[in-house]
Amino acid sequence: MHRIGVFVCWCGSNIAAIVDVKAVAEALGKEPGVVFSMDYQYMCSEGGQGAIRAAIKEHELTGIVVASCSPRMHENTFRKAAAAAGLNPFLVEIANIREQCSWIHRDKTDATEKALILGRAAIAKLMLNTPLQAGESKVVKRALVIGGGIAGLQTALDIADAGFKVDVVERKPTIGGKMAQLDKTFPTLDCAACILTPKMVEAAQHENITLHTYSQVEAVSGFVGNFTATIRKKARYVDEKACTGCGDCMAKCPSKKAKSEFDQGLKNRPAIYIPFAQAIPNVPVIDTTECIKFKTGKCGICQKICQAKAVDYEQQDTVFKESYGAIIVATGFDTMSPDKYGEFHYEEYPDVITSLEFERLCNAAGPTGGHLVRPSDHKEPKKVVFVQCVGSRNGGDCDGKTYCSKICCMYTAKHAMLTREKYPDSEVYVFYIDVRTPGKNFDEFQRRAIEQYDVHYIKGMVGQVEQNGDTLTVQASDLLNDKQIILDADLVVLAMAVQPEEGARAIGTMLTASMDTNDFFTEAHPKLRPVESPTAGIFLSGLCQGPKDIPETVAQAGAAASKAIGLLAKDHLVTNPCVAGSSNSLCNGCSMCENVCPYGAIGYEDQQVVRDGKRVMARQAVVNEAVCQGCGACTVTCPSGAMDLKGFSTRQILAEVDAICR
């Protein structure tokens with residue numbers, strides 16, 4: 001016999017302003033099986049939970065329906081309240097009358113009617129609920145950090161300092177990421193390398209951190225607390241343990257025409273190279289597309305002169321597997337290519353450069369030794385034009401991004417000041433849509449560019465850049481003065497839109513982590529769980545989640561680390577009992593459920609089953625309940641209807657549909 005209690009929440013005015021909560025509570029109280037119904041202003045509050053606990057005991061309730069906000073918000077809250085009163089927590093159903101009802105309706109009659117329907121559906125499902133018992137799974141005390149930039153390094157260091165082992169997987173030959181390419185950082189204008197290099201060294205020397213550079217994660221299986229990652233360590237063709245970093249191989253390499261990726265193609269590098277002086281590990285890697293030995297079979301000079309015998313042309317990729325309790329994504333960012341914006345003629349005019357190229361020209365370790373010059377003739381620029389928001393905030397144009405890249409206003413102000421510092425007689429112009437400087441001391445920093453360095457800020461966009469002899473002609477608009485401007489410039493610098501690092505989507509798919517339409521990783525909740533992925537055990541660090549500056553990145557890295565530490569500190573986790581199960585009488589062993597399972601939770605065994613009144617051996621699906629995450633993909637794929645999901649069975653879902661339609 002069912003004794004169901006219904007609890008309707010006002011959610012302040014979020015629900016009560018659009019839904020007649022008292023009418024809903026009264027109507028649902030008359031449904032079959034319901035013996036108690038009430039409304040309360042804040043059901044999630046201690047007073048609301050106390051009312052639930054008291055009603056369960058007083059009315060001997062066998063199940064409860066809470067009509068409130070999304071179950072993502074407070075389902076666990078109400079389950080705990082039910083458990084505290086002696087009721088199985090899986091005999092609690094949530095009717096979402098906020099996000100699915102009050103927030104999307106304007107008419108109170110329509111909203112109230114829909115709230116009643118959602119409540120009836122939850123009651124119908126609850127009628128078929130059965131008590132479920134959660135199990136336990138062990139937690140592997142090791143973390144995987146994907147990405148070795150400042151976000152990944154900070155996360156790894158924080159986790160390692162807490163006493164847990166950490167593996168950092170970086171696809172490039174060195175850790176450091178984009179920050180290693182910068183000259184100075186805003187708003188303090190301190191040296192980027194001076195901040196980053198100690199972090200890199202600390203990570204390399206930390207007893208709890210293992211660095212896997214020039215490596216990538218190829219596959220991930222398992223579940224929160226017990227993931228298994230397959231990692232491919234690509235062949236460097238140089239033995240990391242034997243190499244002394246003397247640099248003789250790079251100095252003697254006859255193939256020196258490859259463009260340096262680290263220096264944004266502004267200078268050449270040899271076929272065997274170390275990306276930059278402070279690289280960790282300080283071990284060269286051979287670019288097989290440029291190496292004469294790999295292309296023709298000849299040369300081999302680097303191997304001949306290497307006294308440590310570290311160069312090995314026969315070296316192969318190595319693949320290994322490791323288990324992890326938590327995975328932190330710190331894949332970082334890239335910038336859009338200017339190729340899509342033909343009005344700037346980036347490919348044609350060498351003096352039209354990107355902001356990251358400008359960073360390398362300013363850097364003392366860069367291709368010009370920190371001497372800011374025009375790439376075309378290495379002359380000092382007398383007039384520099386900076387163009388903001390190239391690719392940002394214009395989603396309908398050339399596959400641009402609808403979002404603000406957040407860091408461009410600040411680093412352009414920094415670049416403008418650096419230009420004026422190097423060349424006090426130069427003229428600097430910044431064309432912008434809006435100036436956005438929301439960080440601590442950011443607005444003051446940007447105003448310094450105008451007031452102290454005499455940088456000319458012009459609200460408007462550049463429409464065309466043309467080569468005119470030795471100079472560039474910039475055609476732009478001045479929106480505040482309502483006029484067109486034509487400027488001669490020696491250098492044009494484009495602030496390109498920030499976007500996720502290449503391969504982020506593949507990583508997200510591998511981890512079954514949610515991503516938005518721009519390929520940024522989506523957080524579990526933008527306010528309450530900003531560094532957690534909706535996929536349990538996956539955490540987000542840095543720009544993989546969205547545009548942000550270095551201080552914000554480091555803060556999020558620490559937050560992601562603290563969440564991972566909280567997970568790794570546990571010996572066991574409570575497993576989800578809402579898992580799939582197969583009916584032996586219906587399963588025909590077709591393997592379709594196994595093929596669609598993203599967690600690898602389904603296998604097959606030969607078992608005795610009854611067919612046509614006879615016992616025979618048949619291939620049957622078997623679900624590993626410790627691995628299954630209850631996604632339901634197998635249940636909708638199974639052609640025979642053998643697969644079902646505890647807590648969300650086909651009968652329960654159809655009962656909800658019937659309740660909605662009656």
Side-chain angles (χ1 to χ4, degrees), residues 71-84 88-90 92 132-146 151-152 154-169 206-210 217 220-229 321-330 511-514 521 523-525 528-541 545 555-579 598-601 623-631 646-647:
R72 288 181 62 186
M73 288 288 290
H74 284 301
E75 183 176 54
N76 197 43
T77 300
F78 297 125
R79 282 181 173 177
K80 286 181 179 179
N88 186 285
F90 295 93
V92 176
L132 300 177
Q133 297 297 327
E136 284 189 346
S137 63
K138 289 185 178 180
V139 176
V140 178
K141 306 288 187 174
R142 193 180 193 95
L144 169 64
V145 176
I146 305 176
Q154 186 63 55
T155 301
L157 285 167
D158 287 348
I159 296 173
D161 285 343
F164 298 103
K165 298 292 184 181
V166 187
D167 289 354
V168 178
V169 176
H206 204 294
E207 60 181 3
N208 287 336
I209 296 178
T210 302
V217 179
V220 175
S221 60
F223 52 96
V224 56
N226 195 353
F227 296 103
T228 299
K321 291 185 178 182
E322 186 62 78
S323 296
Y324 302 98
I327 297 176
I328 300 89
V329 182
L511 299 175
T512 64
S514 300
F521 284 80
E523 60 279 3
H525 191 282
L528 302 180
R529 299 171 65 194
V531 298
E532 300 172 64
S533 166
T535 301
I538 308 296
F539 305 96
L540 311 178
S541 178
Q545 184 257 340
Q556 188 182 22
S562 69
K563 288 293 184 180
I565 291 167
L567 168 59
L568 298 174
K570 298 175 181 177
D571 293 324
H572 295 86
L573 292 176
V574 175
T575 58
N576 176 24
C578 299
V579 295
Y599 303 99
V623 177
N624 184 338
E625 294 190 357
V627 178
C628 178
Q629 297 298 295
C631 70
K646 297 176 184 177

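These numbers come from the heavy atoms of this one structure, side chains and all, not from hydrogens, waters or symmetry mates.
Every residue two or more places apart in sequence or in another chain that forms a side chain to side chain contact (heavy atoms under 4.5 Å, CB included) with Val220 is listed here: Val217, Phe227, Ala229, Ile327, Met510, Leu511. In terms of the side chain to side chain contact (heavy atoms under 4.5 Å, CB included) criterion, residue partners of His206 (sequence neighbours excluded) are, by chain and number, Leu157, Ala160, Asp161, Asn208, Ile209. Considering only residues two or more places apart in sequence or on other chains, Thr535 meets the side-chain hydrogen bond (donor to acceptor under 3.5 Å, both in side chains) condition with none of them.
Not one N or O on the side chain of Thr228 forms a donor-acceptor pair closer than 3.5 Å with the backbone of Ser323. Side chain of His74 to backbone of Thr77: no donor-acceptor contact under 3.5 angstrom is found.
Annotation: the span from Leu528 atom CG to Arg72 atom CZ amounts to 10.0 Å, rounded to 0.5 Å. If you take OG1 on Thr210 and CD on Glu322, they are separated by 8.5 Å, rounding to the nearest 0.5 Å. Once rounded to the nearest 0.5 Å, the distance linking CZ of Phe539 with CD1 of Ile328 reads 7.0 Å. We find the OG-CG distance between Ser562 and Asp158 to be 8.5 Å, quoted to the nearest 0.5 Å. Taken to the nearest 0.5 Å, the SG atom of Cys631 stands 11.0 Å off from the CG atom of Asn576. Distance NZ/Lys563 to CG/Leu568: 13.5 Å, rounded to 0.5 Å.
No hydrogens or angles considered: nothing links the side chains of Ser137 and Thr575 as a donor-acceptor pair under 3.5 Å.
Heavy-atom minimum distance, Ala156 versus Val168: CB-CG2, 3.6 Å. Residues Tyr324 and Val140 come closest through the heavy atom pair C-CB, 3.8 Å. Residue Ala162 comes nearest to Ile565 through the heavy atom pair CB-CD1, 3.6 Å, listed as atom of the first residue, atom of the second, then distance. Ser533 approaches Ala513 most closely through the heavy-atom pair OG-CB, 3.6 Å. For Ala134 against Val574, the heavy-atom pair with the smallest separation is CB-CG1, 3.2 Å. For the residue pair Val623 and Cys628, the shortest heavy atom distance occurs at CG1-CB, 3.9 Å.
The shortest distance between side-chain heavy atoms of Asp167 and Arg142 falls below 4.5 Å. Side-chain contact between Val166 and Val145 is present, with at least one heavy-atom pair separated by less than 4.5 Å. Side-chain atoms of Cys578 and Phe90, non-hydrogen and from C-beta on, do get closer than 4.5 Å to each other. Within the 4.5 Å cutoff, no side-chain heavy atoms of Glu532 are placed close to those of Glu523. Taking 4.5 Å as the limit, some side-chain heavy atom of Leu567 sits within range of a side-chain heavy atom of Leu573.
Note on Lys646 versus Glu625: salt bridge recorded, some NZ/NE/NH1/NH2 to OD/OE distance being below 4.0 Å. Using a 4.0 Å cut-off between charged side-chain N and carboxylate O, Lys138 and Asp571 make no salt bridge.
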